[in-house]
Amino acid sequence: MEYSFRDIERKWQQQWTSEKVYRVPNLSDKPKYYVLDMFPYPSGAGLHVGHPLGYIASDIFARYKRLKGFNVLHPMGYDAFGLPAEQYAIEHGVHPAVSTEKNIATFRKQLDNIGFSFDWSREVRTSDPAYYKWTQWIFLQLFKSWYNRKSGKTEHIDTLINLFEKEGNAEHPFPNAQTVLNNSNNKSNNNFTAEDWKSFDEKTKQTILMEYRIAYCGFGEVNWCEALGTVLANDEIVNGVSERGGFPVEKKRLRQWYLRITEYADRLLQGLQTVDFSDAMKEMQSNWIGKSVGAEIEFRIAPNPAFPITKTFEKGVAVKCYTTRPDTIFGVDFLVLAPEHDLVNQITTVEQKRSVDEYISFVKSRSERERMAEKSISGVFTGAYALHPFTNGLIPVWISEYVLAGYGTGAIMAVPGGDERDHKFAHHFGIPITNIFGDAYNGTEALTSKTLILENSGFLTGMNYDGATEVVLKKLDEKGAGRRKVNFKMRDAAFSRQRYWGEPFPIVWKDGVAYPLDESELPLKLPDVETYGPAPNGEGPLANIPEWTNRQLETNTMPGYAGSSWYFLRYMDPHNNNAFCDKNISAYWNQVDLYVGGTEHAVGHLLYSRMWTKALYDLGLIPFDEPFKRLLNQGMIQGSSRFVYWVQLLHVDMLGDEETPKQVNLPPIYLSKRWVDEFSDHQTKQSLNQTIKQIIDGRNEDLNMEISLEKQPVPIHVDVNLVDGVELNMEAFKNSKSEYKNAVFITEENGKYICGTEVEKMSKSKYNTVNPDLLVEKYGADTFRMYEMFLGPVEMSKPWDTKGIEGVHRFLKKLWRLFYHENQIIVSSERATNQELKVLHKTIKKIEEDTERFSFNTCVSAFMVCVNELTDLKCSKREVLEPLLILLTPYAPHIAEELWHQLGNTTTILDASFPKWEERYLTESTKEYPVSINGKLRTTIVINLAISQPEVEEIVLANAVVQKWLDGKLPKKIIFVKGKMVNVVL
RNA sequence: GCCCAGGUGGCGGAAUUGGUAGACGCAGCAGACUCAAAAUCUGCCGUUCGUAAGAAUGUGCUGGUUCGAUUCCAGUCCUGGGCACCA
């Protein structure tokens with residue numbers, strides 16, 4: 001019997017479905033294990049070979065855990081809201097729900113093809129009203145909650161109202177220090193008493209409460225494109241203009257919803273210690289959270305008579321600066337404010353106003369990313385001076401885009417001697433630099449070490465960072481000019497989009513106050529719209545719908561990460577109409593034991609879902625506060641693009657001007673790689689000219705012209721599926737497009753056309769996508785699965801190359817031949833020899849250890865080694881082959897199931913249990929030791945593992961090769977590591 | 001610019017705690033089987049010198065630590081991912 005993989009795979013896929021072998025019960029005697037994939041956004045392009053990499057890894061692990069006796073939850077669903085479907089709707093008028101449905105069907109078909117063990121009865125889609133009902137419900141819980149810093153917990157807003165009624169907000173000040181009560185009894189410290197609270201009207205109360213809610217509405221800057229009338233993602237902006245149309249983009253302040261994730265910053269940081277993520281991942285998250293300890297220092301603006309002073313100056317305006325190095329305060333040479341800083345308008349002098357305004361409008365046109373990536377230094381002096389809190393010296397105040405409004409206080413004290421960027425800035429603008437490090441400072445670069453001794457620093461002279469920080473904080477505190485401050489780089493998460501295809505907010509506006517819809521009104525379904533374009537004034541498409549705006553419903557929708565922040569909970573209890581997830585069920589499944597997905601979600605999605613989990617935990621809705629116990633990041637599969645090189649023929653006319661010929665029937669000519677590489681070589685060009693002339697002469701009678709080859713050939717993406725390795729299938733290329741029909745190739749000497757290559761993102765437009773369906777059709781799902789794993793470590797990014805897939809396919813055929821010979825099953829029940837058992841047990845050990853550490857590529861090679869060795873031993877014994885099939889099941893489930901049944905088993909191999917390896921088959925008595933002289937390998941000697949070092953030394957010194965190198969001398973010493981190696985030092 | 005990761009034969013990669021660099025596979029070369037092809041099997045395969053034995057050299061680059069470094073440290077170059085409205 002042949003290994004007819006497609007029949008086998010279809011047969012078992014159908015059988016597994018009809019026998020519901022992947023259905024997972026919510027109650028079981030077995031221990032539970034939850035394996036989750038980051039669910040995909042169902043794009044119109046369908047699945048490419050990059051998608052399944054993580055799914056195959058998780059599927060292997062899920063099946064492995066099942067064989068190990070666990071009740072394994074392994075679900076799949078779709079992150080179905082998002083911009084691409086909306087963009088498609090704008091361009092083609094197709095409702096996003098329709099295109100999404102269609103895309104999902106394609107994805108599903110492609111996924112099924114690969115033979116995953118997903119329990120599809122638990123599928124979720126974020127765009128399904130039955131799902132987003134609960135996204136809206138959780139949003140309402142966040143809206144109705146606040147973060148109690150005293151208890152360190154998310155609490156119902158009613159507890160806050162109770163506190164206000166009893167004691168005002170003295171114990172619980174506004175979370176954002178900048179908040180100022182917009183009220184007649186405004187107090188500079190933003191505090192109010194219980195009496196104040198009771199006297200406030202409804203609107204004031206609600207405005208105050210909004211400042212505390214976890215989900216709150218505020219104002220924020222967005223990338224606004226006037227021409228498109230819409231807000232753009234940074235992604236949609238290229239070189240400061242919109243990607244579509246190239247229109248200018250500006251910063252615009254819009255009403256926005258936010259999640260108060262900053263309140264969770266410390267817990268998000270602490271929680272990292274309790275989860276098994278890679279160090280890199282943890283580092284990325286903590287850098288994003290960006291906790292720093294420093295000081296907030298106030299610099300009063302100097303009432304310098306040389307500059308016109310506005311009235312506010314007299315009140316004593318101060319600039320609050322955040323710094324992590326308060327110890328370097330005597331080195332402050334200037335202050336820098338973010339151009340958007342509120343004070344800029346107030347302090348700018350008449351003389352400087354013009355250049356300041358110009359600079360501000362320049363900055364306004366730049367994206368945050370551009371500002372951060374900028375290498376050249378820019379900035380403008382405001383004309384104002386601040387007073388040094390200790391010396392009263394005058395400090396010039398500048399603005400520059402390198403200071404961001406959203407970080408810290410939006411203002412810094414610049415210490416060129418102690419900060420690289422400040423140093424460059426001072427250098428660029430010729431601002432004198434104060435030396436606070438004495439001889440250590442060489443005048444050309446800043447010193448950032450915290451161990452240096454401060455000099456020229458008043459009362460801090462002679463101290464280092466640790467000592468000086470304590471002293472200066474005390475002094476600042478005495479003066480009321482500064483205080484210790486913990487700062488986070490992370491900002492509150494913007495939670496609204498001016499888009500259509502997202503969850504509507506269950507919020508009604510009355511008199512400028514946001515009220516929650518009653519939970520009985522959920523889901524608040526997305527209404528149908530006529531067009532998907534934005535409404536005027538930066539509002540989303542929902543603002544175009546009278547029925548919507550008449551009800552005063554919120555017109556923003558939620559962002560993509562709303563639905564994905566909690567989907568892992570819905571899989572546990574996907575059909576529950578009374579709760580997002582039953583508490584007993586979330587108690588059973590608990591945390592996701594293994595979460596598999598790309599690093600591109602390192603900070604966004606992973607932080608948001610961690611925050612949601614903490615909030616739900618605080619509110620008593622789930623019993624754990626970290627969603628993902630262990631994280632595996634799969635690398636990105638890149639495309640490996642192929643190019644053909646089109647020759648640009650130029651007709652040189654009599655005046656010497658170049659012109660493309662009127663090529664009525666001129667075929668396109670393509671140069672093979674070699675010619676392109678040597679294109680600049682004069683001789684090569686000569687001979688190419690000859691060849692091309694011949695081609696043209698033969699085909700174009702009326703062509704009577706000089707040709708020039710001066711221009712470089714143009715690389716053109718060619719479909720990678722028309723290329724074998726780097727060799728172009730010229731016939732297939734000609735047939736692929738009508739414009740290529742008459743293509744002429746100038747090949748290598750051997751007649752082959754060799755393409756150029758480049759590693760790029762996998763995308764349709766680059767013709768470098770490879771569709772898994774084709775590979776599955778040609779080689780089978782098992783081969784495809786194993787090949788994806790065989791490519792390399794799952795965590796590593798790598799370009800796709802189909803070339804090696806044959807090798808894996810051959811392996812499966814070779815495995816098949818251990819069972820079958822000429823249509824006869826040849827498996828015997830003879831006892832296995834020790835040698836055969838050694839091969840088996842070595843493999844069991846390797847597969848178990850490597851699967852546990854996600855080293856799937858080495859598992860595939862271990863299977864190959866095993867089958868090679870069994871083939872050499874001509875071993876077709878059931879005692880060896882049956883356990884081997886179980887080992888193989890997670891990797892190649894179809895062939896394993898088929899052969900398992902051929903051996904006479906009647907239940908699915910997934911119900912078998914993973915074999916155990918036994919030490920006794922693996923122990924060795926001798927080892928072939930590598931023997932080095934001075935660290936260089938010279939020979940190997942087989943030595944009994946039991947004997948001691950003196951005996952080993954004796955054997956080694958007696959060895960002829962060692963003697964030769966010793967040349968009669970005695971060795972200095974001999975290093976012997978038992979079971980590893982011997983090194984003789986001369 | 002900032003944060004994170006990676007760089008090993010012609011190619012994908014292996015070497016789990018510092019201990020035989022190149023497992024396994026692809027491609028290539030030589031051979032067997034075959035009328036032939038496919039399939040399958042056997043041998044060779046980092047580079048240089050050498051018939052061979054063997055020697056030298058070799059894990060992006062420059063240094064360092066060590067009896068011994070792909071592995072640890074410092075610096076540097078290149079590539080990929082992320083940087084808050086792509087998902």
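Lettering of chains follows the sequences in order, A, B, ..., and the numbering in each one begins at 1.
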base_contact_polar (B:rC85 base, A:Q498 side chain, donor-acceptor, <3.5 Å): yes
Span that lies between the C1' atom of B:rU34 and that of B:rC41, in whole angstrom: 13 Å
For A:R817, salt bridge (charged side-chain N to carboxylate O under 4.0 Å, His left out) partners two or more places apart: none
Phosphate-side-chain proximity, A:R497 and B:rC85, N/O vs OP1/OP2 below 4.0 Å: yes
CG (A:D872) with more than 12 external heavy atoms under 6.0 Å: yes
Nucleic acid footprint by protein, nucleotides 8-17 of chain B - heavy-atom cut-off 4.0 Å, B for base, S for sugar-phosphate alone: ----BSSSB-
Shortest side-chain distance from A:E600, nucleotide among B:rG82, B:rU20, B:rC24: B:rG82
Touch class at under 4.0 angstrom, heavy-atom based, for A:W965 against every strand present: sugar-phosphate
Distance, C1' atom - from B:rU57 to B:rG22, rounded to whole angstrom: 15 Å
Enclosure of A:K424 NZ (heavy-atom neighbours >12, cutoff 6.0 Å): no
Sequence neighbours excluded - side chain to side chain donor-acceptor pair (under 3.5 Å) pairs with any residue from residues 929-941 of chain A: A:E928-A:T940
Given B:rC86, B:rU20, B:rC85, the nucleotide with the shortest approach to the side chain of A:P84: B:rC86
A:S292 and A:N487: CA distance, side-chain angles, deciding distance, side-chain hydrogen bond (donor to acceptor under 3.5 Å, both in side chains) verdict: CA-CA 5 Å; A:S292 64; A:N487 194 49; 4.6 Å; no
Donor-acceptor contact below 3.5 Å, side chain A:E401 vs main chain A:V363: no
Results of salt bridge (charged side-chain N to carboxylate O under 4.0 Å, His left out) for A:R260 - residues two or more places apart only: none
Within residues 804-815 of chain A or reaching into it, pairs that qualify as side chain to side chain donor-acceptor pair (under 3.5 Å) - sequence neighbours excluded: A:Y779-A:E806, A:T783-A:H809, A:K814-A:N868
Set out, line by line, the N/O atom pairs under 3.5 Å between protein and nucleotides 67-69 of chain B.
{"from": "B:rC67", "atom 1": "O2'", "to": "A:N983", "atom 2": "ND2", "distance (Å)": "3.4"}
{"from": "B:rC67", "atom 1": "O2", "to": "A:N983", "atom 2": "ND2", "distance (Å)": "2.6"}

Side-chain donor/acceptor of A:T126 to backbone N/O of A:A80, under 3.5 Å: yes
Of the listed nucleotides B:rG81, B:rA87, B:rA55, the one nearest the side chain of A:R938: B:rA55
Set of side-chain contact (heavy atoms from CB on, under 4.5 Å) partners for A:M981, sequence neighbours left out: A:P930, A:V977, A:N983
Tabulated below should be each protein N or O lying under 3.5 Å from an N or O of nucleotides 72-74 of chain B; please produce it.
none

For RNA chain B, the dot-bracket pattern of Watson-Crick and G-U pairs whose distances stay under 3.5 Å, | for other-strand partners: (((((((..(((......[....))).(((((.......))))).((((....))))..(((((..]....))))))))))))....
B:rA53 versus B:rA38 - spacing of their P atoms, nearest Å: 34 Å
d(CG, A:L937; P, B:rA56) in whole Å: 12 Å
Atom C1', compared across B:rG25 and B:rA14: separation rounded to whole Å: 11 Å
Whether A:S400 side chain and A:S378 backbone form a donor-acceptor pair below 3.5 Å: yes
Candidates B:rG82, B:rG80, B:rA87 - which lies nearest the side chain of A:D79: B:rA87
P spacing across the pair B:rC77 / B:rC26, given as an integer number of angstrom: 40 Å
Nucleotide nearest A:K813 when distance is taken to its side chain, options B:rC86, B:rU40, B:rG54: B:rU40
Throw together a table of side-chain donor-acceptor distances under 3.5 angstrom for residues 555-564 of chain A, partners on residues two or more places apart or in other chains.
{"from": "A:T555", "atom 1": "OG1", "to": "A:E539", "atom 2": "OE1", "distance (Å)": "3.0"}
{"from": "A:N556", "atom 1": "OD1", "to": "A:Q498", "atom 2": "NE2", "distance (Å)": "2.9"}
{"from": "A:N556", "atom 1": "ND2", "to": "A:E554", "atom 2": "OE2", "distance (Å)": "3.1"}
{"from": "A:T557", "atom 1": "OG1", "to": "A:R499", "atom 2": "O", "distance (Å)": "2.9"}
{"from": "A:Y561", "atom 1": "OH", "to": "A:A494", "atom 2": "O", "distance (Å)": "2.8"}
{"from": "A:S564", "atom 1": "OG", "to": "A:Y561", "atom 2": "O", "distance (Å)": "3.3"}

Nearest-angstrom distance from the residue atom CD of A:E401 to P of B:rG1: 15 Å
Closest to side chain of A:A280, choosing from B:rC4, B:rG81, B:rC41: B:rC4
Side chains of A:F976 and A:E953 in contact at under 4.5 Å (non-hydrogen atoms): no
Whole-Å distance separating the CD atom of A:E869 from the P atom of B:rA23: 14 Å
B:rU47 versus B:rU8 - spacing of their C1' atoms, nearest Å: 14 Å
A:V231 side chain, from C-beta outward: closest of B:rC3, B:rU20, B:rC85: B:rC85
Nucleic acid contacts of residues 805-812 of chain A, taken as heavy-atom distances under 4.0 Å to RNA chain B: A:G807, A:R810
Pairs meeting criterion salt bridge (charged side-chain N to carboxylate O under 4.0 Å, His left out) with involvement of residues 848-870 of chain A, two or more places apart: A:K68-A:E848, A:K842-A:E869, A:K845-A:E849, A:K846-A:D850, A:D850-A:R853
Sugar-phosphate only, base, or nothing, as touched by A:H601 at under 4.0 Å among non-hydrogen atoms: base
